[in-house]
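For reference, the structure discussed in these notes is given below.
Order of the sequence lines fixes the chain letters, A, B, ..., with proteins taken first and strands second; residue numbering starts at 1 for each chain.
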Protein chains: 2
Amino acid sequence: MSKDTLPGLTLCNNAMLRRAARKLGQFYDDVMAPSGLKATQQGLLYQIHIGNEPAMGAIAASLIMDLSALGHTLKPLIRDGYVETFADPDDRRIKRVRLTPQGLVKLDEAMKLWHIAQQRFEDVAGKEQAERLRAALDHIAALDFDLPPAAP
Amino acid sequence: MSKDTLPGLTLCNNAMLRRAARKLGQFYDDVMAPSGLKATQQGLLYQIHIGNEPAMGAIAASLIMDLSALGHTLKPLIRDGYVETFADPDDRRIKRVRLTPQGLVKLDEAMKLWHIAQQRFEDVAGKEQAERLRAALDHIAALDFDLPPAAP
DNA sequence: TTCATTTAGTGGCATATGCCACTATCTTGA
DNA sequence: TCAAGATAGTGGCATATGCCACTAAATGAA
């Protein structure tokens, strides 16, 4: 196969996913910029908000994110006073997370912008398509890629 | 609306996209680990390979990636001797990129692993579904979110 | 030709994410 | 009860990505 006829990156599921994520991330970030939050941060604040003072591990699990990555991502939000953590009294290994009052205010502000971005996306991409896409992405996130171990 | 009944993050197109990207990225990275390349690096090497000594701007455009981000991402690959750059003789602003011989060898090695990951993904997710997903993602990447300027 | 404008990249700074080694806690089995 | 093993997070290091200010080079208009 000559190099000139090689298929592009459109064949790689992972590459396409990342590429679309960059595109959409830029758009959502753009719209959210006035709040001073990135879309990822807004999403994280929201996840904390809807959780019941969730443990870090629980947040990481629902976002399918490495626990240490979550810790890093949380740092600027704690530094800026939007989030605070406290040890679970029943198990001091567990660190729980909650929004501060300012965090709640900031989340409200960010959610307004999020709605704008979300609406604009669905206007452009189509509401049905967006819904199907989210379902497909949720499905992927739930897949199990482990090879079944040889049954004993 | 009570906090307990708030919808989860499954409603945000961007959050779902990032979440799926983390999941799939972890899987592809896992499979590619023996090559010492991350999936992103393999994708970048491939993109350089199929291009005709592409300019940095051209690569960034096809990957929908910030030009400076591409520059950063390229650094470890240059440091490890897989990629080299040279100024375009006709326009010295332009910097072109190509694989070194070792880069080509490494890409071959990585592509073998990529095929395994890709195959496994399509086994688990379904070949048809994967194809539809890639098409949907490509569609999103091509969208234009700009609000139409008020017609003069 | 000359200077303003546009184009292509770079470098610095900041967030996003992951892996690994290590610490602090719980849990459990002897 | 106590030591081995499992759990939850942290910190360090590395890559992934973006924005902004700045430089170099080409283009275009006066």
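Using a 4.0 Å heavy-atom criterion, one finds that B:I94 contacts the sugar-phosphate atoms exclusively. Contacts of A:D66 with the nucleic acid, taken as non-hydrogen atoms under 4.0 Å apart, include base atoms. Within 4.0 Å of B:S68, counting heavy atoms only, lies at least one base atom of the nucleic acid.
To the nearest angstrom, P of C:dA16 lies 10 Å from CG of A:L45. One atom, CG of B:L37, and another, P of D:dA14, lie 17 Å apart when rounded to the nearest Å. In this structure, A:Q41 atom CD and D:dT17 atom P are separated by 18 Å, rounded to whole Å. Here the C1' atom of nucleotide D:dT15 and the CE atom of B:M32 are 14 Å apart, to the nearest Å. D:dC19 atom C1' lies 16 Å from atom CG of B:L70, rounded to whole Å. Atom P of nucleotide C:dT17 and atom NZ of B:K38 are separated by 13 Å, given to the nearest angstrom. Counting to the nearest Å, the C1' atom of C:dT15 and the CE atom of A:M65 are 11 Å from each other. Atom CG of A:D88 and atom P of D:dA8 are 11 Å apart (whole Å).
Once rounded to the nearest 0.5 Å, the distance linking CG of B:L133 with CE of A:M16 reads 8.5 Å. In this structure, CE in B:M32 is found 8.0 Å from OG1 in B:T40, a value given to the nearest 0.5 Å. Here the CZ atom belonging to A:R96 is positioned 7.5 Å from the CG atom belonging to A:N52, to the nearest 0.5 angstrom.
Side-chain atoms of B:D144 come within 3.5 Å of backbone atoms of B:D146 as a donor-acceptor pair (strictly under, hydrogens ignored). A:Q47 contributes no side-chain N or O that, together with a main-chain N or O of A:P54, makes up a donor-acceptor pair within less than 3.5 Å.
In this model, the phosphate group of C:dC26 is approached by a side-chain N or O of A:R92 to a distance below 4.0 Å at OP1 or OP2. Note on B:T73: every side-chain N or O is 4.0 Å or more away from OP1 and OP2 of D:dT15. Between A:R93 and the phosphate of D:dA6, there is no side-chain N or O to OP1/OP2 separation shorter than 4.0 Å. Between A:Q26 and D:dG18 there is a side-chain N or O to OP1 or OP2 distance below 4.0 Å.
Listed by residue number, B:P76, B:R79 are the residues of residues 74-85 of chain B with a heavy-atom contact under 4.0 Å to DNA chain D.
Sequence order on DNA chain D of the closest nucleotides to A:H72 and A:G57 puts A:G57 first from the 5' end. Two residues, A:M56 and A:D29, neighbour DNA chain D, and the one matched to the more 5' nucleotide by heavy-atom proximity is A:M56.
By the 30° and 60° cut-offs, the orientation of the rings of A:F121 relative to B:F145 is tilted.
At a threshold of 4.0 Å, the pair B:R19-A:D138 counts as salt-bridged, since one of the basic side-chain nitrogens sits closer than that to a carboxylate oxygen.
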